[in-house]
Amino acid sequence: MKDERPELDAAGEGAGRDFIRDIVQADLKSGRVKSVVTRFPPEPNGYLHIGHAKSICLNFGLAQEFGGRCHLRFDDTNPAKEEQEYIDAIERDVRWLGFDWGKSLHHASDYFKQLYEWAEDLIRAGKAYVDDQTQDEMRARRGTLTEAGQDSPFRNRSVDENLDLFRRMRAGEFPNGARVLRAKIDMASGNINLRDPVLYRILNAPHPRTGTTWHIYPSYDFAHGQSDAIEGITHSICTLEFEDHRPLYDWFLENLKVPSRPRQYEFARLNLTYTVLSKRVLTELVRGGHVTGWDDPRMPTLAGLRRRGVPAEAIRDFIKRIGVAKANSLVDVGMFEFSVREALNKTALRRMAVLKPLKVVIENYPDGKSEELEAINHPDNPEAGTRKIRFGRELYIEQDDFMENPPKKFFRLSPGNEVRLRYAYFIKCHAVVKNANGDIIELRCTYDPATKGGNAPDGRKVKATMHWLSAADSLRAEMRLYNPLFTKPEPAGGENFTADLNPNSLEVLPDARIEPTLLDAKVEVPVQFERQGYFCRDRDSTSERPVFIRTIGLRDTFAKDVAKDRPKS
RNA sequence: UGGGGGAUAGUUCAACGGUAGAACAUCGGACUCUGACUCCGAGAAUCUUGGUUCGAAUCCAGGUCCCCCAGCCA
């Protein structure tokens, strides 16, 4: 809405070539396909995360670039795990990311009837059978990675018996798990997916879309390729772990009278340092209360990133930068941060905010006096205009901007050192007030009235320009600073995902100060707090207590230098 | 010899038999009323051993290492 520019950045000019695009281009050129049709097929059992963004940008991007179309298809074949909340969230998030499926909204559940008929066809052709074995028995006969499996004792049932049983499964005559329909392929195959895979299982659960119509539901393998074929998908793009499902995908298409012949291609999923992109673990984080919800600003979900203030454009740009390949990879989160800062720097209006206030009294500034100064809203965009800020005798500066005994490269305020208060005056500190604990609680300073606006008539320079706020005319606000959710670049997944959780992923600063102009800031629209970072107002704000979330800090080479020098000195 | 994939700067990708290139990160420097931004510069890679070829990251053969698969999940 707010951004009317064409949403082509993710795939438009300058987009990198990759093996998928090469394939599509070659297929178009050879005439194998007339136009490209892709699909993004999430299962509605959780929220979309930045890993899904890679798939979304790829599938929708391909359609945009080559003039085809991309379907949004819910892979809703397992009602035990799927919920309407997720369906709604997925649609919202794909749209927010900047993509539009138009009329092409589909569900695997739309094809339940057709899939059922195909299953009967397979039975009639002697290529599928009903198996009464328990799950354990099936597992025991499946063999191992290196040993062939054994045929099920039910493998050679007659077509009539299979048809009868399968119809009774459908009619709801049996309890969950009592029987399954299996394809009759090869129990000795080296590819375990071909060892008589399950096509249908009994699941007496209501489905968000089909209600209680069905008592049996198709498996992923039996639904996916055929759904692609029904929709006329030309390139069915999925992640690497489905590579050895491809022979099965093809087997169904070859053994069924499907209306088209899609092809499956696989690419490496995204991994990002210091976070986890596994729906299972993300679900655990939410359920276990380790975060406040799917849209907790620390979450790598699209909903979390949006609340955090990350623009969709930044995500698209990031995805474009990392490319698409088949090698497993772990992308440095620094690359994502670069895209976020780049997008934000262009658009975010500048404001001043003091995160950890330290009181400054300008002793030679008249008590009770205050004046208005003009500040620029965006350094690179004059059209963004200016605003007024108030100066007075009592101010707040950042605690980090003062050191009583500064090291050599510290340019900020210290006793006797002159600095500039942005848009205001040069000041010097000449006394430090401490409490009983020895903590610095106030600075006594003087200002040079001749430097009004920030420049000295005599041409003298200062090395630092600091942000500040008037004590009387600024507002109190809560700041929430986020650190990585995990302490390790490659956190443990699996069962002990909590082992590497960062206990300090959220830092709350309850007594920060902001410019009064920030009171009407919009939620999810970032501003830059100069010298600090990009922040956005959070929906947790109340009228008496605004809450701001730090989207991301500014690059801080000074802090880096300090950290570097510490071990040496 | 269970099956299927993959190996190029620190990281993520290019190079499709003809000069190994980019971005991020790192390190220098310039600029600066944000230690930001911007600009300039530097260092940094073909898993290994053979072979084919005038020429190999690319083709062939062997080896090494990494990832995925034994759900009635997707």
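Just so we're on the same page: letters track the sequence lines, and every chain starts at 1.
- Heavy atoms of P42(A) sit nowhere under 4.0 angstrom from any nucleic acid atom.
- With hydrogens and angles left out, the side-chain atoms of R142(A) and Q150(A) include no donor and acceptor closer than 3.5 Å.
- Among the protein residues, Q532(A) comes within range of no part of the nucleic acid, since none of its heavy atoms lies under 4.0 Å from any strand.
- Ion pairing of R246(A) with E266(A) is present here, as a side-chain N (NZ or NE/NH1/NH2) and a carboxylate O approach within less than 4.0 Å.
- When heavy atoms are screened at a 4.0 angstrom cut-off, T77(A) is found touching the sugar-phosphate backbone but no base atom.
- Residue H245(A) is in base contact, counting any heavy-atom pair closer than 4.0 Å across all strands shown.
- Contact annotation for D131(A): no contact, since no heavy-atom pair falls under 4.0 Å across all strands.
- At a threshold of 4.0 angstrom between heavy atoms, the contacts of F242(A) include nucleobase atoms, whether or not backbone atoms are also involved.
- The residue R420(A) sits close to a base: some heavy atom pair falls under 4.0 Å.
- Contact annotation for Q135(A): base contact, defined as any heavy-atom pair under 4.0 Å involving a base atom.
- Looking at heavy-atom distances under 4.0 Å, S329(A) makes contact with sugar-phosphate atoms alone, never a base.
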Both distances under 3.5 Å, Watson-Crick or G-U wobble: on that basis, could you give the dot-bracket string for RNA chain B, with [ ] for crossing pairs and | for other-strand partners?
.((((((..((((....[..)))).(((((.......)))))....(((((..]....))))))))))).....
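- The residue R246(A) sits apart from the nucleic acid: no heavy atom pair falls under 4.0 Å.
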Between the protein and nucleotides 22-28 of chain B, are there any N/O to N/O pairs under 3.5 Å, and if so, what are the atom names and distances?
| unit_1 | atom_1 | unit_2 | atom_2 | d |
| --- | --- | --- | --- | --- |
| rA23(B) | O2' | R321(A) | NH1 | 2.6 |
| rU26(B) | OP1 | K560(A) | NZ | 2.6 |
| rC27(B) | OP1 | K564(A) | NZ | 3.0 |

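- Taking a centre distance below 5.5 Å and an interplanar angle below 30 degrees as the stacking criterion, F558(A) stacks against the six-membered base ring of rG35(B).
- Sequence neighbours left out, the pairs with a member in residues 330-345 of chain A that pass salt bridge (Lys or Arg N to Asp or Glu O under 4.0 Å) are R321(A)-E342(A).
- A salt bridge links R390(A) with E372(A): the distance from a Lys NZ or Arg NE/NH1/NH2 to an Asp or Glu carboxylate oxygen falls below 4.0 Å.
- Electrostatic pairing of R73(A) and E231(A) counts as a salt bridge here, judged by a charged N lying under 4.0 Å from a carboxylate O.
- For F391(A) and W468(A), the gap between ring centers is short of 6.0 Å.
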